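One is the number of the first residue; the rest follow in order along the sequence. Remember, it's a predicted structure, so these values are computed and weren't measured experimentally. Numbering of ligands and ligand atoms starts at 1, following listing order.
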Amino acid sequence: MNNKQLTWDDSPSLKSYTLANFRDLPQIQNFSEQQQFEMEVVGNVLPFKANNYVVEQLIDWNNIPKDPMFILTFPQKNMLKPGHFEKMSNALKNNLDKKEITDIANEIRLELNPHPAGQMELNVPTLKDGTKLYGMQHKYKETCLFFPSQSQTCHAYCSFCFRWPQFVGMDEMKFAMQEGEQLVQYLVEHPEISDVLFTGGDPMIMKARIFSKYVDTLIDAKLPNLKTIRIGTKSLSYWPYKFLTDSDSQEMLDVFRKITDNDLHLAFMAHFNHLTELSTDSVKRAIKEVRATGAQIRTQSPILAHINDDSEMWAKMWSKQVQLGCIPYYMFVVRDTGAQHYFGIPLVRAYEIFRKAYSSVSGLARTVRGPSMSATPGKVHVIGTANLSDQKVIVLRFLQGRNPDWVQRPFFAKYDENAIWLDDLKPALTEKFFFEDEMNILKKTIPNDDYPES
Ligand SMILES: *Cc1c(COP(=O)(O)O)cnc(C)c1O
Ligand code: SF4
C-alpha cells in the first residue's frame with residue numbers, strides 16, 4: 001500500500017463516503033464512468049458506507065478490482081442478479097424521479113429479504129403486561145439480543161450484511177426500543193437469561209453517554225441472573241479511533257471499566273473479516289485499550305467468496321488474533337438473504353477451508369467453531385464429511401437450538417457439494433432430520449431470525 005500510514009497519535013475525524021458522495025474520492029475518479037455507474041446502480045439497492053480509515057488504510061487501491069477490503073465496502077456489479085441490475089440501471093438511465101427510484105429499490109430489496117415485515121410484528125418478545133419489545137430478540141435461552149434504537153447504523157455497511165433494510169429508512173423493518181427499563185423488566189421476567197447482547201447495526205456507533213445510560217440501567221437493577229454484557233461490533237476493524245482519539249473514546253472505555261468493576265463479564269464480540277483489518281497500528285492500539293478495561297475480545301466473521309475464502313488467510317487471522325489477545329469464536333456461513341449468490345460458499349467447501357486453517361494453528365486458536373449457520377432451528381455447525389458404509393454424508397450438530405435439547409447431537413445430511421444453506425440439505429439415513437417435526441410446530445410461534453454477523 002502506498003497510502004499514508006497514520007499512527008495512533010493522529011486523531012483523524014470521521015469522514016463518511018456513501019452513494020451521495022463516493023464519486024468525490026480521487027481513487028474512485030480513476031475508475032471509468034461505466035464502473036462508477038455500475039457502483040451507483042448497485043448502491044441504490046444495497047446501501048454502502050466507507051470512511052477515511054477504510055479508504056486510506058485498509059483498501060489497497062493498487063489491487064482493484066480484487067482487493068477484499070474494496071469488495072467488502074463498495075458495491076460490485078455482480079452483487080445484484082442481472083434482472084435486478086437491469087431494472088435499476090434502466091431506472092437511473094431514464095432519470096426517474098427520486099421516489100420512483102426508491103420504490104424500485106424497495107421492490108428489489110423485498111425480493112432479497114425473505115422476512116416480510118408483518119412476520120416481525122407477530123414474533124416480537126412481550127412483557128407479561130403485554131408490551132411488545134420491538135428492540136429485542138430472545139431465541140436461545142441464555143442470551144437475549146438488544147437493539148438500542150440509537151445503534152441502527154454502522155461505521156461501514158458490509159456489503160454481505162442482511163441488516164441493510166434497517167439502514168435505508170424502511171421503518172416497518174426497524175427494530176427499535178427506547179427503554180432500557182423494558183429490557184430490565186424482561187430480564188426480571190426471564191431469570192434464565194445470563195447474557196445481554198447489544199447489537200444493531202453497531203452499538204459502538206452510539207456515543208458513550210448514551211451507551212452508558214443503558215449500562216447504568218442494567219447495573220443499577222442488580223439482576224442476579226445477569227452475568228455478561230456482550231457487544232457485537234465492527235468498530236475495531238472500521239473505526240478503531242472510537243477507542244483512541246474520538247472525543248468520547250475515554251468515556252467509552254470508562255463505561256467498559258464500569259461493567260467489569262461491577263463484576264459483570266464484558267464480552268466484546270469483534271467482527272473481523274480479513275487479516276488486513278488487524279494490520280494497522282491503530283487497530284492494535286485500540287485492542288490494547290479495550291482489553292485494558294477488563295473486557296475480553298472474541299472474534300467472528302462469516303466466510304465469504306471474494307473476501308476470505310482462503311484457509312491460509314483464516315489461519316493467519318486467527319493466529320494474529322491470539323497474538324493480540326483476542327479469542328477466535330465463530331466462523332459463520334453467510335445467510336440466505338441479500339447478495340448470497342455473490343458471497344455464498346458451498347458448505348462442504350467452507351468446511352474444507354475451516355479444517356485446513358484449524359489444523360494449522362495452535363490449540364489456543366482452536367477455540368473457534370464453524371462453519372456455523374444461524375438458521376431458523378438454531379446454529380448448525382458443519383462438523384465434517386464422512387463415509388458411512390456406502391453412503392457419503394455431511395455431519396452436523398446444533399451449537400444453539402431453538403430447543404436446547406437439540407444441542408450437541410450429531411445428525412447427518414446427504415453429501416451435497418452444492419448445498420450452501422441448511423434448507424438445501426436432505427436427511428441421510430433417516431426420513432427426516434430429528435428436529436423437523438418439533439420445528440414445524442415451533443415455527444408457528446417463533447421470533448424472527450435475523451442475527452447480525454457483527
Ligand atoms: C448466535 C446467537 C446468539 C449467541 O449465541 P452464542 O452461541 O451464545 O454466542 C444469541 N442469539 C441469537 C439469535 C444468535 O443467533
Ligand atoms: S455486518 Fe455488522 S458492521 Fe457490517 S453492516 Fe452488518 S451490522 Fe453493520
(Q) If I apply the N/O under 3.5 Å rule, does Arg369 come out as touching ligand 1? (A) no
Q) Could Arg230 and Asp195 be called an ion pair, given the rule that one side-chain N must be under 4.0 Å from one carboxylate O? A) yes
(Q) A quick test of your reading: do over 12 heavy atoms of other residues, nucleotides or ligands sit less than 6.0 Å from CZ of Arg366? (A) yes
**Q.** Subset of ligand 2 atoms that lie under 4.0 Å from at least one heavy atom of Cys154
**A.** 3 (S), 5 (S), 7 (S), 8 (Fe)
Q. To the nearest 0.5 Å, what is the distance between CZ (Phe198) and CG (Leu183)?
A. 6.5 Å
Q) What atoms of ligand 2 come within less than 4.0 Å of a heavy atom belonging to His271? A) 1 (S), 2 (Fe)
Q) Which word best sums up how the rings of Phe31 and Trp61 line up, parallel for under 30°, tilted for 30 to 60°, or perpendicular for over 60°? A) tilted
Q.
Show, in sequence, the C-alpha distance, side-chain angles and deciding distance for Lys227 and Asp263, and conclude whether the salt bridge (Lys or Arg N to Asp or Glu O under 4.0 Å) test is met.
A. CA-CA 8 Å; Lys227 308 282 193 292; Asp263 295 333; over 6 Å; no
Q) Using the ring of each side chain (for Trp, its six-membered ring), is Phe256 parallel, tilted or perpendicular to Phe243, with breaks at 30° and 60°? A) tilted
**Q.** Residue Tyr330 vicinity, atoms of ligand 1 by number, heavy atom under 4.0 Å
**A.** 6 (P), 7 (O), 9 (O)
Q | Enumerated ligand 2 atoms positioned under 4.0 Å from heavy atoms of Tyr157 | A | 5 (S)
Q | Any N or O of Tyr329 closer than 3.5 Å to N or O of ligand 1 | A | yes
Q. Centre of Tyr17's six-membered ring, under 6.0 Å away, within 45 degrees of the axis: is that where NZ or CZ of Lys15 sits?
A. yes
Q: Go through ligand 2 atom by atom and flag the ones less than 4.0 Å from a non-hydrogen atom of Lys234.
A: 3 (S)
Q. Closer than 4.0 angstrom: is that true for some heavy atom of Gly200 and an atom of ligand 2?
A. no
Q. Can you say whether the rings of Trp406 and Phe435 are parallel (under 30°), tilted (30 to 60°) or perpendicular (over 60°)?
A. tilted
Q: State if Leu145 counts as touching ligand 1 under the rule of any non-hydrogen atom under 4.0 Å.
A: yes
Q | Minimum non-hydrogen distance to atom 3 (C) of ligand 1, winning option of Gln400, Arg402, Lys139, Lys379 | A | Lys379
**Q.** Verdict with reasoning, Val45 to His84, per side chain to side chain contact (heavy atoms under 4.5 Å, CB included)
**A.** CA-CA 9 Å; Val45 180; His84 288 155; over 6 Å; no
**Q.** Heavy-atom gap Arg230 to ligand 1 smaller than 4.0 Å
**A.** yes
Q. Relative to the heavy atoms of Gly201, which atoms of ligand 2 are at a distance of less than 4.0 Å?
A. 7 (S)
Q. Relative to ligand 2, is His155 under 4.0 angstrom through side chain, backbone, both or neither, heavy atoms considered?
A. neither
